[in-house]
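The structure appears below as structure tokens.
All residue numbers in this chain count up from 1 along the given sequence.
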Amino acid sequence: MTASSRRAWRIAGAASAILLLHLVLRFPERPAELTAATFLRLPFELPVIVLALLLVRRGWVRAGLVALATVILVLRIADLGSDLAFSRAFNPALDLHLLVSGWELLSSSIGRVQTLGLIVLTLAAIGLFAALLGRTLGEIAGLDGTARRGALGLAGATMFVAAIGLALPSHRVSADLVPGLAARVTRMTDAVRDLRRFTADLSDDDVGTPTFAALKGHDVILLFVESYGRSFVEDTAFSGPARTRLDAVEARLLAAGWSMRSAWATAPTRGGQSWLSHGTLLSGLRIDGQARYDRLMTSERRSLNRLFGAAGWRTGAAMPAITLDWPEAGWFGYDVTLDAAGLDYRGEPFDWVTMPDQYTLSAIDAKLRGGDPVMVEAALISSHAPWTPLPRILPWEEIGDGSVFDGNHRDGDTPPEVWSDPERIRTQYALSLDYSLEVIGQWIARQHDDALLVVLGDHQPAQLLTGEGASADVPLHILSRDPALLDRLPASLFGPGMTPAPDRPALPMQAFRALMATAFEAPLA
């Protein structure tokens with residue numbers, strides 16, 4: 001290679017390094033910022049880095065830059081994923097455990113081999129990026145003679161112009177690196193301080209020892225419905241079918257002698273981590289992260305389940321998504337805990353979903369109810385991603401041990417087929433909630449006792465379905481055959497029917513425990 005060819009190659013390599021650095025420095029943290037305008041802004045840090053490479057030509061400088069750029073890129077990709085799934089930034093101090101959940105969900109949606117291949121490709125791409133950046137940064141440091149002088153002049157002039165641009169309201173220049181890193185460190189340190197405050201809050205419990213006197217003799221059934229969010233009821237993409245189903249359920253239940261009130265509740269999470277909503281509702285404290293949840297599980301704070309247990313109810317749980325050891329059940333204080341194995345389902349799973357909601361509801365009657373009044377908490381998971389295939393609704397007398405779901409009574413294409421098209425994902429999501437609400441309505445209409453039923457969403461679905469900026473609200477329905485019981489609920493929050501009024505304020509999910517302890521404390525007159 002001639003001297004001129006080597007010089008041209010070095011200049012091309014230096015230009016490639018500058019492009020890679022530009023992409024890293026402008027890589028967005030939120031999906032809405034994935035636009036051409038984002039990448040067209042000049043990062044002020046870019047000419048500063050180039051000047052540093054030209055002036056301090058040491059290997060450790062390049063190695064440090066490669067490591068920093070790779071970490072920044074990985075964290076910003078993680079931010080994108082976390083924002084899409086949970087509408088918040090990724091916090092390394094709290095969110096590493098989500099890698100396991102992400103593997104389980106993605107492998108059930110597109111297949112284990114495909115997911116493993118995607119992980120390998122991602123790691124390979126990150127490694128290739130680091131190697132390529134290290135190689136091309138060396139070309140900047142290796143510039144000499146006229147090329148080096150020209151690069152120094154261009155970098156200095158660019159930094160001068162960029163500094164002027166920062167002072168002008170043109171938004172053509174950014175300086176996000178240091179503030180972004182500082183904000184990330186602040187989020188991590190804030191999480192530590194928040195945990196200290198939360199630990200103090202755990203012992204501050206003003207509900208006393210409620211007797212739930214107005215509910216004496218009544219079963220209390222609490223049903224969490226997976227991904228049943230406000231967007232399903234109000235967004236134009238879903239609201240037509242949602243209102244039709246809710247109206248049909250309401251008509252059926254009114255005809256069967258049931259009354260109902262509906263409200264909005266604000267969940268502590270979006271897109272996933274249902275256990276945070278369970279912990280929030282039952283502890284009376286906002287559990288918006290894993291650190292809070294883990295601390296709650298080791299505390300002496302009494303769950304709503306324990307409060308009912310102390311007041312004379314037998315307590316139970318039906319948790320079809322729990323397939324591994326679940327030591328956290330000890331904090332909730334169930335007398336009987338039925339996980340996926342304990343529910344004795346003998347049918348085929350529906351991809352990630354271990355069993356259909358119709359079976360779970362049937363099992364609640366068969367395994368947890370009868371005799372003394374019970375307080376039951378259950379999770380209904382047929383509306384969990386990937387939302388396909390979906391079970392068909394069968395005659396209730398045919399459900400039995402679930403073996404009737406032998407692989408034939410299901411509809412929908414495979415998850416990889418559905419997830420190749422965002423519109424099909426939305427369609428399947430709506431169909432899954434339509435199924436869940438219908439079987440809930442059928443099941444309640446079949447009940448002939450005076451149970452108090454609480455049905456609510458655990459959280460909104462991910463941004464893929466709601467769009468950016470959706471609220472964290474979920475529908476909350478409370479049903480009883482005794483209208484006087486429902487009249488105890490605050491009219492400012494709860495209205496009649498199965499569709500919450502759009503203009504009513506939302507109840508923070510952590511306020512539900514105190515609401516139950518106060519609204520149903522005195523016996524009916």
Side-chain angles (χ1 to χ4, degrees), residues 207-225 253 256-263 265 277-284 302-319 329 331-338 357 360-380 440-441 443-458 475-490 493-494 498 507 509-524:
V207 300
T209 306
T211 64
F212 304 104
L215 297 175
K216 287 298 183 183
H218 298 265
D219 284 354
V220 178
I221 313 295
L222 173 60
L223 303 177
F224 282 95
V225 183
L253 294 179
W258 288 84
S259 297
M260 62 220 69
R261 301 285 190 276
S262 294
S277 291
H278 288 239
T280 294
L281 189 95
L282 297 166
S283 72
R302 298 164 299 165
S303 68
L304 182 61
N305 320 75
R306 287 189 180 275
L307 293 177
F308 269 99
W313 275 259
R314 289 187 299 108
T315 60
M319 298 292 167
W331 177 84
F332 290 96
Y334 310 117
D335 294 320
V336 179
T337 303
L338 301 180
D357 289 348
T360 301
L361 292 168
S362 179
I364 289 172
D365 286 337
K367 297 178 179 296
L368 293 174
R369 303 183 69 187
D372 296 335
V374 296
M375 186 274 184
V376 175
E377 175 196 352
L380 302 180
I440 289 170
W443 179 73
I444 295 175
R446 289 168 53 86
Q447 305 299 314
H448 300 296
D449 58 9
D450 293 328
L452 183 81
L453 277 299
V454 180
V455 181
L456 78 160
D458 55 2
L476 167 62
H477 315 289
I478 302 183
L479 306 96
S480 172
R481 288 183 178 277
D482 186 351
L485 278 179
L486 302 183
D487 289 342
R488 292 167 167 267
L489 299 170
L493 299 173
F494 289 86
M498 286 295 292
L507 176 76
M509 199 173 274
Q510 62 268 26
F512 180 82
R513 175 174 173 266
L515 174 66
M516 291 290 290
T518 55
F520 300 109
E521 181 57 17
L524 290 171

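Across all their heavy atoms, G208 and P210 have their closest contact at O-CD, 3.4 Å. Considering all non-hydrogen atoms of both residues, A318 and I364 come closest at CB-CG1, 4.0 Å. Residues G441 and L253 approach most closely at O-CD2, 3.5 Å, considering heavy atoms. Across every non-hydrogen atom of F212 and A517, the tightest pair is CE2-CA, 3.7 Å.
For the pair D219 and Q447, the minimum side-chain heavy-atom distance is 4.5 Å or more. Contact annotation: the side chain of L368 approaches that of V376 to within less than 4.5 Å [non-hydrogen atoms, C-beta and beyond]. A 4.5 Å side-chain heavy-atom check between R369 and I221 finds at least one atom pair inside the cut-off. When side chains are defined from C-beta on, L485 does not count as touching S259, because their heavy atoms never get closer than 4.5 Å. At least one side-chain heavy atom of L452 sits under 4.5 Å from a side-chain heavy atom of F520. Inter-residue side-chain proximity for W331 and R302 is flagged as unmet; no heavy-atom pair is nearer than 4.5 Å. L515 is not listed as a side-chain neighbour of L493, based on a closest heavy-atom distance of 4.5 Å or more. In this structure, the side chains of F224 and E377 come closer than 4.5 Å at one or more pairs of heavy atoms.
Checking each of L476, L223, L479 against V454 for a side chain to side chain contact (heavy atoms under 4.5 Å, CB included) leaves exactly one that passes, namely L476.
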For F494 and L486, what are the C-alpha separation, side-chain angles and deciding distance, and is it a side-chain contact (heavy atoms from CB on, under 4.5 Å)?
CA-CA 9 Å; F494 289 86; L486 302 183; over 6 Å; no

Start with the C-alpha distance between N305 and S303, add both sets of side-chain angles, then the distance that settles side chain to side chain donor-acceptor pair (under 3.5 Å), and finish with yes or no.
CA-CA 5 Å; N305 320 75; S303 68; 3.3 Å; yes

Check step by step if side-chain contact (heavy atoms from CB on, under 4.5 Å) holds for L222 and L456.
CA-CA 8 Å; L222 173 60; L456 78 160; 3.6 Å; yes

Apply salt bridge (charged side-chain N to carboxylate O under 4.0 Å, His left out) to residues D365 and R446 and explain how you reach the verdict.
CA-CA 11 Å; D365 286 337; R446 289 168 53 86; 6.0 Å; no

Start with the C-alpha distance between K216 and W313, add both sets of side-chain angles, then the distance that settles side-chain contact (heavy atoms from CB on, under 4.5 Å), and finish with yes or no.
CA-CA 9 Å; K216 287 298 183 183; W313 275 259; 3.9 Å; yes

Carefully, step by step, assess W443 and D357 under the rule side chain to side chain donor-acceptor pair (under 3.5 Å).
CA-CA 10 Å; W443 179 73; D357 289 348; over 6 Å; no

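From D482, atom CG reaches atom NE2 of H218 across 6.0 Å, with rounding to the nearest 0.5 Å. A distance of 5.5 Å separates CE in M498 from OG in S262, rounded to the nearest 0.5 Å. To the nearest 0.5 Å, the span separating CG on L282 from CZ on R513 amounts to 9.0 Å. Residue F512 holds its CZ atom at 13.0 Å from OG1 of T280, rounded to the nearest 0.5 Å. L453 CG to I444 CD1: the interatomic distance, rounded to the nearest 0.5 Å, is 4.5 Å. The OG1 atom of T315 sits 11.0 Å away from atom CZ of F308, with the distance rounded to the nearest 0.5 Å.
Counting only distance, with no hydrogens or angles, the side chain of R481 and the backbone of D450 share no donor-acceptor pair below 3.5 Å.
A donor-acceptor contact closer than 3.5 angstrom links the side chains of E521 and T211.
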